[in-house]
Amino acid sequence: MGKLQDKVTIITGGISGIGKASADLFAAEGAKLVLVDMNEEKGQEVASEYTSNGHEAIFIRADVTSEADAENVFNRTIEKFGRVDILFNNAGIGAVKPTHEVPYAEYRKTVNVDLDAVFLFAQHAIKRFLEQGGGVIVNTASMYGWIGAPGSAAYNAAKGGVINLTRSLGVEYAAKNIRVNALCPGFIDTPIIPEDQKKTLSEITPMGRLGQSEEMAKAALFLASDDSSFMTGNTLTVDGGFTAQ
Ligand SMILES: NC(=O)c1ccc[n+]([C@@H]2O[C@H](COP(=O)([O-])OP(=O)(O)OC[C@H]3O[C@@H](n4cnc5c(N)ncnc54)[C@H](O)[C@@H]3O)[C@@H](O)[C@H]2O)c1
């Protein structure tokens, strides 16, 4: 028996970086995967990798900021698997630019993807969890949700919002057998980090390197599984020592 045996698990941003590494680990632990992303071609490709290796997986194309797409994701998940047990609310975009140069539309897009969509998907999941008698949400926030950093004010604000959204949902639904926690990664070697920044970001991390997506996947598995059964409304920061400085 895997740690997520037969758990129907929606992973947004599940075809790249932290989401993909988590999908790999969750599948190995027995989860039935619903991969959600914007890239239809890559999504179908990744989902068929899993099914050809004997796992249950589907891909659903969605822009996580779209109310209609979110509704479709949950309807199709129920159609296919009959329930949803875990939501890994992980899709996100980075945004690096001096704050005084950020067009307001760009600020709003960042907050829309990195915070509003987390609320939207959580709300859909919670409705299903209340009918089913429970469920688990893992939100991907960031260590930048804890601290200030120049050039990414919108991102940092959104991720700080995800941390307090997580606390609020955790408290609100604790008595309903719904757990909500957040993963706060440090600098992780994924496509979200521009190649030309990787060296500097490694150097400013106490461990002297970037984290790997597989290291985030293990933390996400802890939060998604019964290993964290007495934990809700809380965060797990996995950052090579960055925020301890
Ligand atoms: N890599 C890091 O250093 C780091 C650090 C802290 C937090 N995070 C967070 O981790 C999460 C995963 O990022 P990653 O590093 O794996 O990057 P990534 O770019 O590899 O993965 C992000 C995925 O989200 C998808 N996505 C973006 N906008 C979307 C939208 N509107 N609708 C649907 N899908 C969308 C992308 O297509 C992509 O597949 C993000 O929330 C990110 O903010 C990453």
Side-chain angles (χ1 to χ4, degrees), residues 10-25 33-47 59-70 72-73 87-96 106 108-122 137-147 149 151-152 154-163 165-166 182-195 197-202 204-205 207 209-217 219-220 223 235-240 242-243:
I10 296 174
I11 307 181
T12 69
I15 62 171
S16 176
I18 295 169
K20 171 68 167 65
S22 301
D24 289 349
L25 184 58
L33 300 178
V34 178
L35 305 172
V36 174
D37 210 289
M38 287 196 298
N39 184 337
E40 173 89 42
E41 199 183 325
K42 187 174 172 196
Q44 296 297 355
E45 219 176 271
V46 172
F59 172 75
I60 304 174
R61 200 215 76 85
D63 176 343
V64 290
T65 65
S66 154
E67 288 184 64
D69 287 1
N72 183 49
V73 166
L87 167 66
F88 186 17
N89 232 337
N90 166 76
I93 51 173
V96 181
E106 213 170 287
R108 291 188 64 176
K109 176 161 192 211
T110 305
V111 174
N112 200 208
V113 177
D114 288 341
L115 175 60
D116 301 347
V118 175
F119 177 90
L120 177 65
F121 271 67
I137 297 176
V138 179
N139 297 322
T140 305
S142 168
M143 68 176 179
Y144 273 3
W146 289 123
I147 56 177
S152 53
Y155 181 85
N156 304 348
K159 295 298 189 178
V162 172
I163 291 173
L165 174 64
T166 300
L183 173 65
C184 296
F187 301 123
I188 312 304
D189 193 358
T190 75
I192 219 173
I193 298 212
E195 277 304 321
Q197 287 183 25
K198 288 186 176 172
K199 188 169 175 287
T200 311
L201 298 180
S202 301
I204 61 173
T205 298
M207 283 192 182
R209 65 172 178 89
L210 300 180
Q212 297 301 310
S213 293
E214 292 71 20
E215 294 174 296
M216 298 305 106
L223 296 176
T235 54
L236 184 55
T237 301
V238 187
D239 64 358
F242 194 91
T243 50

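Whatever order the structure lists them in is the order used to number ligands and atoms, beginning at 1. Atom set for the values below is all heavy atoms of this structure, side chains included, hydrogens, waters and symmetry mates excluded.
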Notebook entry, point to check: Should the proximity of Ala141 to ligand 1, defined as any heavy atom under 4.0 Å, be assigned to the side chain, the backbone, both, or neither?
Noted result: backbone

Item checked: Short side-chain to backbone donor-acceptor contact, Gln197 and Pro194, under 3.5 Å -> no

Notebook entry, point to check: Salt bridge between Glu195 and Lys198, side-chain N to carboxylate O under 4.0 Å?
Noted result: yes

Notebook entry, point to check: Can you tell me if Ala117 has a non-hydrogen atom under 4.0 Å from ligand 1?
Noted result: no

Next item on the list: Run down the list Leu183, Val46, Asn90, Val118 and name the one with the heavy atom closest to atom 12 (C) of ligand 1.
Entry: Asn90

Check: Going by the order shown, which atoms of ligand 1 are within less than 4.0 Å of some heavy atom of Gly17?
Finding: 16 (O), 20 (O)

Margin query: For atom 27 (C) of ligand 1, what's the nearest protein heavy-atom neighbour? Residue, atom name and distance, please.
Written below: Gly92 O, 3.5 Å

Next item on the list: Classify the contact between Lys159 and ligand 1 as side chain, backbone, both or neither, using a heavy-atom distance cut-off of under 4.0 Å.
Entry: side chain

Next item on the list: Look only at interatomic distance and state if Asp114 has a nitrogen or oxygen under 3.5 Å from any nitrogen or oxygen of ligand 1.
Entry: no

Checklist line | Check: Asp37 side chain, Gly43 main-chain N or O, donor-acceptor pair, under 3.5 Å | finding: no

Item checked: Under-4.0 Å heavy-atom contact with ligand 1, by part of Ala62 that carries it -> backbone

Next item on the list: Answer with side chain, backbone, both or neither: which part of Asn39 has a heavy atom less than 4.0 angstrom from an atom of ligand 1?
Entry: neither

Notebook entry, point to check: Are any non-hydrogen side-chain atoms of Phe187 and Tyr144 less than 4.5 angstrom apart?
Noted result: yes

Check: If hydrogens are left out, which of Thr65, Ile188, Ile93, Val238 has an atom nearest to atom 2 (C) of ligand 1, that is, the closest non-hydrogen atom?
Finding: Ile188

Check: What protein heavy atom is closest to atom 13 (O) of ligand 1, reported as residue, atom name and distance in Å?
Finding: Ile192 CD1, 3.9 Å

Check: Closest non-hydrogen protein atom to atom 5 (C) of ligand 1, residue and atom name please, with distance?
Finding: Gly186 O, 3.0 Å

Checklist line | Part of Thr190 within contact of ligand 1 (heavy atoms, under 4.0 Å) | finding: side chain

Next item on the list: Return a yes/no value for Asp37: is any of its N or O atoms, backbone included, closer than 3.5 angstrom to an N or O of ligand 1?
Entry: yes

Note to self: When you compare ligand 1 with Met143, is there at least one nitrogen or oxygen pair between them that comes in under 3.5 angstrom?
What the structure shows: no

Notebook entry, point to check: Any N or O of Ser16 that comes nearer than 3.5 Å to an N or O of ligand 1?
Noted result: yes

Checklist line | Cys184 backbone acceptor or donor facing Ser142 side chain under 3.5 Å | finding: no

Notebook entry, point to check: Among all protein non-hydrogen atoms, which one is nearest to atom 32 (N) of ligand 1, and what is the separation to 0.1 Å?
Noted result: Val64 N, 2.9 Å

Check: Mind checking whether Tyr155 has a heavy atom under 4.0 Å from ligand 1?
Finding: yes

Notebook entry, point to check: Which heavy atom of the protein is the closest neighbour of atom 9 (C) of ligand 1, given with residue, atom name and distance?
Noted result: Thr140 CG2, 3.6 Å

Next item on the list: Consider only side-chain N and O atoms of Asp114 and Thr110, and report whether a donor and an acceptor are under 3.5 Å apart.
Entry: no

Note to self: Which residue and atom name correspond to the protein heavy atom nearest atom 16 (O) of ligand 1, and how close is it?
What the structure shows: Ile18 N, 2.8 Å

Next item on the list: Would you mind listing which atoms of ligand 1 come within a distance below 4.0 Å of any non-hydrogen atom of Phe187?
Entry: 3 (O)

Notebook entry, point to check: Non-hydrogen atoms of Thr12 versus ligand 1: any pair closer than 4.0 Å?
Noted result: no

